[in-house]
**Student:** 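Pasting in a structure now, in structure tokens, and then I'll have a few things to ask.
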Amino acid sequence: MDKLNIYICDDNPTHLKKAENIIQEIIDENNLPMEIKLSTEDSNYIGRIVTANHDTRYRPDIFVLDYMLSSGNSGIGVAMHIHKYMPLAY
């Protein structure tokens, strides 16, 4: 079974690390077929990855996004961009 890919974006490094730790702990404790593929503070990077890589072999399956990002983007705006290229992503 293929693993579900998880991408995390939060512009606050403390919150980003906490989200990584919580998600990884849940994955490990429950032996889930998932892995964190990317954890970044840069919402623009997430957008570039999504735009460039909508090949189903590479696409992320789950996004965890901060609601308020300091880059001028919002988590909602990033989610809308993701949905445009990957309508089946969560």
Side-chain angles (χ1 to χ4, degrees):
M1 172 187 227
D2 290 338
K3 290 184 177 184
L4 292 173
N5 298 319
I6 300 172
Y7 281 33
I8 306 169
C9 182
D10 193 316
D11 59 340
N12 181 312
T14 303
H15 295 165
L16 181 63
K17 188 65 178 166
K18 188 170 189 170
E20 287 175 34
N21 291 340
I22 290 169
I23 291 168
Q24 191 60 56
E25 184 177 315
I26 291 168
I27 291 169
D28 293 343
E29 286 180 0
N30 296 286
N31 197 29
L32 299 172
M34 301 177 172
E35 66 180 315
I36 298 171
K37 285 297 234 188
L38 176 71
S39 183
T40 183
E41 297 173 37
D42 184 356
S43 63
N44 293 316
Y45 184 62
I46 291 278
R48 287 190 305 273
I49 292 234
V50 167
T51 303
N53 296 295
H54 39 276
D55 180 336
T56 58
R57 293 170 296 164
Y58 183 74
R59 72 194 276 177
D61 299 298
I62 299 172
F63 291 86
V64 178
L65 306 170
D66 183 12
Y67 178 73
M68 295 178 64
L69 299 163
S70 62
S71 63
N73 294 325
S74 72
I76 299 297
V78 174
M80 290 170 65
H81 178 79
I82 292 166
H83 183 70
K84 177 180 175 181
Y85 290 92
M86 300 176 171
L88 298 178
Y90 291 96

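Just so we're clear, the structure is a prediction, and the values are computed from it rather than from any experiment.
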**Student:** Side-chain contact, heavy-atom cut-off 4.5 Å: Ile6 with Glu35?
**Tutor:** no

**Student:** How many angstroms lie between atom CD1 of Ile27 and atom CG of Leu32, to the nearest 0.5 angstrom?
**Tutor:** 6.5 Å

**Student:** If you measure from CD on Glu41 to NZ on Lys17, what distance do you get to the nearest 0.5 Å?
**Tutor:** 11.5 Å

**Student:** Flag the pair Ile62 / Asn5 as yes when at least one side-chain heavy-atom distance between them is below 4.5 Å, and no otherwise.
**Tutor:** no

**Student:** Contact between Ile8 and Ile36 at the side-chain level, heavy atoms closer than 4.5 Å - yes or no?
**Tutor:** yes

**Student:** Side-chain contact, heavy-atom cut-off 4.5 Å: Met80 with His83?
**Tutor:** no

**Student:** Any non-hydrogen side-chain atom of Asp42 less than 4.5 Å from a side-chain atom of Cys9?
**Tutor:** no

**Student:** Atom CG of Asp28 and atom CE of Met34: how far apart are they, to the nearest 0.5 Å?
**Tutor:** 12.0 Å

**Student:** Within the structure provided, determine whether Tyr7 and Leu65 are in side-chain contact (heavy-atom separation under 4.5 Å).
**Tutor:** no

**Student:** Distance check, rounded to the nearest 0.5 Å: Arg48 atom CZ versus His81 atom NE2?
**Tutor:** 10.0 Å

**Student:** Rounded at 0.5 Å granularity, tell me how far OG1 in Thr40 sits from CD1 in Ile49.
**Tutor:** 8.5 Å

**Student:** Transitively linked via ILVMFWY side-chain contacts under 4.5 Å: Leu16 with Met68?
**Tutor:** no

**Student:** Which distance, rounded to the nearest 0.5 Å, do you find between the CD1 of Ile23 and the NZ of Lys18?
**Tutor:** 12.5 Å

**Student:** Check whether any side-chain heavy atom of Val78 sits under 4.5 Å from a side-chain heavy atom of Phe63, and report yes or no.
**Tutor:** no

**Student:** Distance alone, cut at 3.5 Å: any donor-acceptor contact between the side chains of Glu25 and Asn21?
**Tutor:** no

**Student:** With clusters defined by side-chain heavy atoms of hydrophobic residues (ILVMFWY) lying less than 4.5 Å apart, directly or transitively, does Ile76 cluster with Ile46?
**Tutor:** no

